[in-house]
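Shown below is the structure under consideration.
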Amino acid sequence: MEYNFRSIEKKWQQTWKESGVYKVSNESSKPKFYVLDMFPYPSGAGLHVGHPLGYIASDIFARFKRLKGYNVLHPMGYDAFGLPAEQYAIDHGVHPAVSTEANIANFRQQLDNIGFCFDWDREVRTCEPSYYKWTQWIFLELFHAYFDHTDQKAKPISFLEEEFEKFGSTSVNGKRSPVSFTAQEWKAYDEKTRMDILMNFRLAYCGYGEVNWCEALGTVLANDEVVNGVSERGGHPVVKKKLRQWYLRITEYADRLLEGLEQIDFSDAMKEMQSNWIGKSSGAEIQFDIETPSGEKLPLVVYTTRPDTIFGVDFMVVAPELDLVQKITTADQKKEVDEYLAYVKSRSERERMAEKKITGVFTGAYAINPFDGRKIPVWASEYVLAGYGTGAIMAVPCGDQRDFLFAKHFNIPITNIIGEHYNGEEANPTKEAKLENSGFLNGMPMREALEKVIGEVEKKGIGRRKVNFKMRDAAFSRQRYWGEPFPIRWIDGTAYPLPADQLPLLLPEVDKYSPGPEGEGPLSNIPEWTALQLETNTMPGYAGSSWYFLRYMDPHNENEFCSRKASDYWGQVDLYIGGTEHAVGHLLYSRMWTKVLYDLGHIGHDEPYKKLVNQGMIQGSSRFVYRVRGTNQFVSAGLKDQYETDTLHVDVNMVDGFELNIEAFRKWRNGEYKDAELIGEDGTISSPHTTNNEGQSVKYLCGAEVEKMSKSKFNTVNPDDLVQRYGADTFRMYEMFLGPVEISKPWDTKGIEGVHRFLKKFWRLFATEEKGWIVNEKAPTDAELKVLHKTIRKIGDDTERFSFNTAVSAFMIATNELADLDCHKKAILEPLVILLTPYAPHICEEIWHLLGNSGTVLDASFPVFEEKYVKESTKDYPVAINGKTRTEMTLALDASPQEVEALVLANEVVQKWLEGKAPKKVIFVKGKMVNVVV
RNA sequence: CCGGAUGUGGUGAAAUUGGUAGACACGUCAGACUUAGGAUCUGAUGCCGCAAGGUGUGGGGGUUCGAGUCCCUCCAUCCGGACCA
């Protein structure tokens, strides 16, 4: 009986599918556990070895929890709307629905190969009408809701309408209204006016705003989709553009998104990224007065986190985009200011970020410091952003480095308010100094002064305490085709929602995917669509993924997005696994949607994920050959410096370690290199024209580098090939054996043999080729029981704490030990099979049945660890006590003979060492004294 | 520039609370069985040294009987944010 992994895996995958062992019920007496993977975007490239890493980890955990007696929800689906499918459609004329369907089929095939325990009956696809019907429905919920500041939660917008009817716009919603009207006026308004006013409050709203416009993609992008001034996908330039857009009022949830981080188990890095993105800062808004050229007084409101430094203000800076700049500019500065504004306008966002030049212009105007009446010059400069705070700052050069450099550059005198803390060389943003040159604040510690100034400012009525956030409302519309249509009609410039019973609003067929006029989506080219006055934008990629974890709980419900019963049963995702790349996108949006649905009473929890684990990225390990320039000669890596060479990527699959498979190389890419002449590491030459017997000894070594895994770099490794060669169980265990799940590392196929050997060895505990099935019913010995229970404890602990690599090692050790003991006893091996099941499900299921069991091993009970078997014997460790290899011993009177012997010995040594004093405690490690406490 | 993480053999990596550093595996070397081996098995393998021995967890310093682990500092790599007042 050989370990025939191919037939075993095929057989069990088939059986599992037919018998539906992975079907999960919402009715169970067992405790629930929800293990979720970030669902994939089904790209045309298929899976490479990096993708399944997280899936394997979650699969192991799901199976482990099921063995531990939980009712485990472990679903999978596809994030199927998105840009690439549409780009593919534009390039190849294939409808996105068709290419997406094909990609999904391919993904599914690849996933099935690896033997996951997903409940495929619960599969979701965000592009299916039965799914996006509910995405649209939730959008309408957002549209019909506002954020109540008094209660800090979302409420139906009808509440707000009632308030307007009773009180008008004054003092409702716990926050100033952007428009003001009385109750009478509200009652007199027509519906259109009311709708337009309400738009200022809706959680999903439409407005004009500066957006990230990507010309090449023909759409706007959310802030997290723009990286260094170019689009995340494709790397196209992005410019600011004013457009009508839909937004999510996520800023209202800034505080709760921040606070929520404290209750959830995310890595520090992830929490840090989210809170940086939210970017909360507290300070004050302070009003300075400016005298304009015409003599009138204009207020200049600045935002500062350091009101305590107000006596150190040496100049003010206003963002060039602000209209105020024109108003305050004096006649003799007008020319310079206009030139500067033109210059700023000519610079792209990207240039601005790339080159950090200090630029700016004096407006000629002066502001008055409200506390000492000093005249402060007002400048305009692009280092102040129009979009943050009030778009204007008070500059304190001795405390802020940017202000300092600006002052130095333009020769503005610097006031020192922090005494010796300021050295004249650079700014010092300390909060520890005692203030000087600061009027009534002199001698006061800065922290104290901060509160004092805010108090004074509020007393004077020239400002107030203010909290600011970096996070902006999320742009929620795309000028694209392949996304959810908005259930919105535009009548006379006002947006009206479609009634919920008309959902889903189906995505119509189009002939061409090019955008319509003035940055409208392809839907604007369909007469039937525009005739109905329907919104021509579609929702962004993150719409469908913001709530999919809820749909898995109740995937076939036609009446609700998810029944309250189902969401109450499954509750939060207990374990969520995915990459870090979604830190500020998906994870933030889905947290917001969850909070809204919670506020509106649709679900019972306000954080979607209890624990998040980020799997590391698997990088590619690229291989290179060196072609001598202008020839068809390739030189081995060690000799490349002797020639002038070009470096070319070669397919890693043709390289064994670093040694190139010359024959494969000649056949590669339809024989493109069939005539190549290769110079080996020792200088021998392999030429296609010489006879083969010499040519085979040429050893050609490739260069190597770690890069992102991608097809164009020929460094992708397809899991299908490895599964075909070694089996799914080997592949799964090897991916785990590679190292901690959270760590990024380059892929290296070399070590997979070791894991494969382990499985073969494991199999040989049960059956061999010569002797057949060799499991017996004999009673286990102490030594064998020790191996078993040691392993039960180790595997249980390691799996629970996500240390899968050490768990795999523990299996190898146990197998080696049992092989040494020549143990083939059912009493030992059967529990071991259960332990191994999450890691290598196919082989374990096979053995489980060969052992005479029925059903699936997943329904077996997890073996119980018994400490008595793993007690260290005194023989192994002469002075070990209480079953531990390491312990502390006090000089007690009731010590055992061995203890006394050891202690007497130790005491003599210690007494000598301590010059006669007796030790209180002696600590041993395996018979060696390592610690003495006196 | 700011924030986070990580630095251990030729390689991937172990080392629950400070307690024999390098488990386990790859690779390499030697051997066994073989017509043959890219199958299987056995042994060796941090570095220097014939050896005894010395030395060793990025560098330097500190706490401790004892530090990969804790503290300070410097360096390197990776990730994220970067004019956020």
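The sequence lines fix the lettering, A, B, ..., with proteins before strands; numbering per chain opens at 1.
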- Spacing of the P atoms in B:rG68 and B:rU55 (rounded, Å): 14 Å
The salt bridge (Lys or Arg N to Asp or Glu O under 4.0 Å) partners of A:Lys790 (sequence neighbours excluded) come to A:Glu817
Output field: ring centroids A:Phe804/A:Phe802 closer than 6.0 Å: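 A:Phe804 vs A:Phe802: aromatic centres under 6.0 Å.
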- Query: Of all the choices, B:rA85, B:rG80, B:rU40, which nucleotide is nearest to the side chain of A:Lys760 once you look at every atom?
  - Reply: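 It is B:rU40.
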Does A:Arg801 put a side-chain nitrogen or oxygen below 4.0 Å from OP1 or OP2 of B:rU16?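 For A:Arg801, the contact criterion (side-chain N or O under 4.0 Å from OP1 or OP2 of B:rU16) is not met.
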Please collect all side chain to side chain donor-acceptor pair (under 3.5 Å) contacts where either partner lies in residues 272-281 of chain A, sequence neighbours excluded, each pair once.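 Qualifying pairs: A:Asp255-A:Lys280, A:Gln274-A:Arg591, A:Ser281-A:Tyr303, A:Ser281-A:Tyr388.
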* To do: Determine the interatomic distance between P on B:rU63 and the same-named atom on B:rC79; round to the nearest Å.
  =>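 Straight-line distance between the two P atoms is 38 Å.
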### Query
What integer number of Å spans the P atoms of B:rU8 and B:rC78?
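It works out to 14 Å between them.
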Give every donor-acceptor pair under 3.5 Å between a side-chain atom in residues 738-746 of chain A and any protein atom, sequence neighbours left out.
unit_1   : atom_1 : unit_2   : atom_2 : d
A:Ser744 : OG     : A:Met617 : N      : 2.8
A:Lys745 : NZ     : A:Pro740 : O      : 3.3
A:Lys745 : NZ     : A:Ile743 : O      : 3.0

(request) Have a look at A:Asn816 and say if it touches a base, only the backbone sugar-phosphate, or nothing, with a 4.0 Å heavy-atom cut-off. (result)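 Touches sugar-phosphate only.
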Worksheet entry | Close aromatic pair by centroid cut-off 6.0 Å: A:Tyr734 and A:Tyr726 | no
Picking from B:rC83, B:rC24, B:rC41, the nucleotide nearest the side-chain atoms of A:Met812 would be B:rC24
From the candidates B:rC41, B:rA82, B:rA15, the one with an atom nearest any side-chain atom of A:Lys761 is B:rC41
Could you tell me how far B:rG9 sits from B:rG80 if I compare only their P atoms? Round to whole Å. 26 Å
Compare side-chain N and O positions of A:Tyr388 against OP1 and OP2 of B:rA85 and report whether any pair is under 4.0 Å apart. yes
> Side chain of A:Asp400: nearest nucleotide among B:rA85, B:rU16, B:rG80?
Replying inline: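 The nucleotide sitting nearest to the side chain is B:rA85.
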- [ ] Only stems of 3 or more consecutive Watson-Crick or G-U pairs count here, both distances under 3.5 Å; name the ones for RNA chain B, or none.
- [x]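 The stems that RNA chain B takes part in, listed by first number, are B:1-7 with B:75-81, B:10-12 with B:24-26, B:27-32 with B:40-45, B:46-48 with B:53-55, B:58-62 with B:70-74.
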Do A:Ser381 side-chain atoms and A:Thr359 backbone N/O form a donor-acceptor pair below 3.5 Å?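 Yes; at least one donor-acceptor contact below 3.5 Å.
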Separation between the P atoms of B:rA25 and B:rG43, rounded to whole Å: 11 Å
Nearest-angstrom distance, P atom, B:rG4 to B:rG53: 47 Å
Worksheet item: Given B:rA85, is OP1 or OP2 found less than 4.0 Å from the side-chain N or O atoms of A:Ser281?
Response: yes
Taking salt bridge (Lys or Arg N to Asp or Glu O under 4.0 Å) as the definition, give me every residue that meets it alongside A:Asp265, ordered by chain and number, with sequence neighbours left out.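 Applying salt bridge (Lys or Arg N to Asp or Glu O under 4.0 Å) to A:Asp265 gives A:Lys611.
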Contacts of A:Arg465 meeting salt bridge (Lys or Arg N to Asp or Glu O under 4.0 Å) (sequence neighbours excluded), chain-then-number -> A:Glu451
List every contact pair, protein side and nucleotides 1-5 of chain B side both N or O, where the distance is under 3.5 Å.
unit_1 : atom_1 : unit_2   : atom_2 : d
B:rG3  : O2'    : A:Glu272 : OE2    : 3.2

Handout entry: Results of side chain to side chain donor-acceptor pair (under 3.5 Å) for A:Thr304 - residues two or more places apart only
Key =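 Once residues adjacent in sequence are excluded, A:Thr304 has no partner under the side chain to side chain donor-acceptor pair (under 3.5 Å) criterion.
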- Taking atom types as modelled, find out whether A:Asp798 and A:Thr806 have a side-chain donor-acceptor pair closer than 3.5 angstrom. yes
- Message: Quick check on B:rC26: is either OP1 or OP2 less than 4.0 Å from any side-chain nitrogen or oxygen of A:Arg757?
- Response: yes
Handout entry: Whole-angstrom distance between B:rU11 and B:rG46, as gauged at atom C1'
Key = 13 Å
Would you give me the side-chain donor-acceptor pairs under 3.5 Å for residues 808-815 of chain A, sequence neighbours excluded?
unit_1   : atom_1 : unit_2   : atom_2 : d
A:Ser809 : OG     : A:Asn805 : O      : 3.4
A:Thr815 : OG1    : A:Phe811 : O      : 2.8

Find every protein N or O atom lying less than 3.5 Å from an N or O atom of nucleotides 11-13 of chain B, and list the pairs.
unit_1 : atom_1 : unit_2   : atom_2 : d
B:rG12 : O2'    : A:Leu738 : O      : 2.5

Check every strand shown and say whether A:Arg793 touches a base, only sugar-phosphate, or nothing at a heavy-atom separation below 4.0 Å.
-> nothing
### Task
With sequence neighbours left out, write down each residue that passes side chain to side chain donor-acceptor pair (under 3.5 Å) with A:Trp747, or none if nothing qualifies.
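Per chain and number, A:Trp747 pairs via side chain to side chain donor-acceptor pair (under 3.5 Å) with A:Thr749.
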N/O contacts under 3.5 Å, protein versus nucleotides 28-38 of chain B?
none

Next item on the list: Using atom types as modelled and distance alone, determine if a side-chain donor or acceptor of A:Asn428 lies under 3.5 Å from a backbone N or O of A:Gly399.
Entry: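 Not confirmed, A:Asn428 side chain does not pair with A:Gly399 backbone.
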I'd like the C1' distance from B:rG60 over to B:rU42, given in whole Å.
46 Å
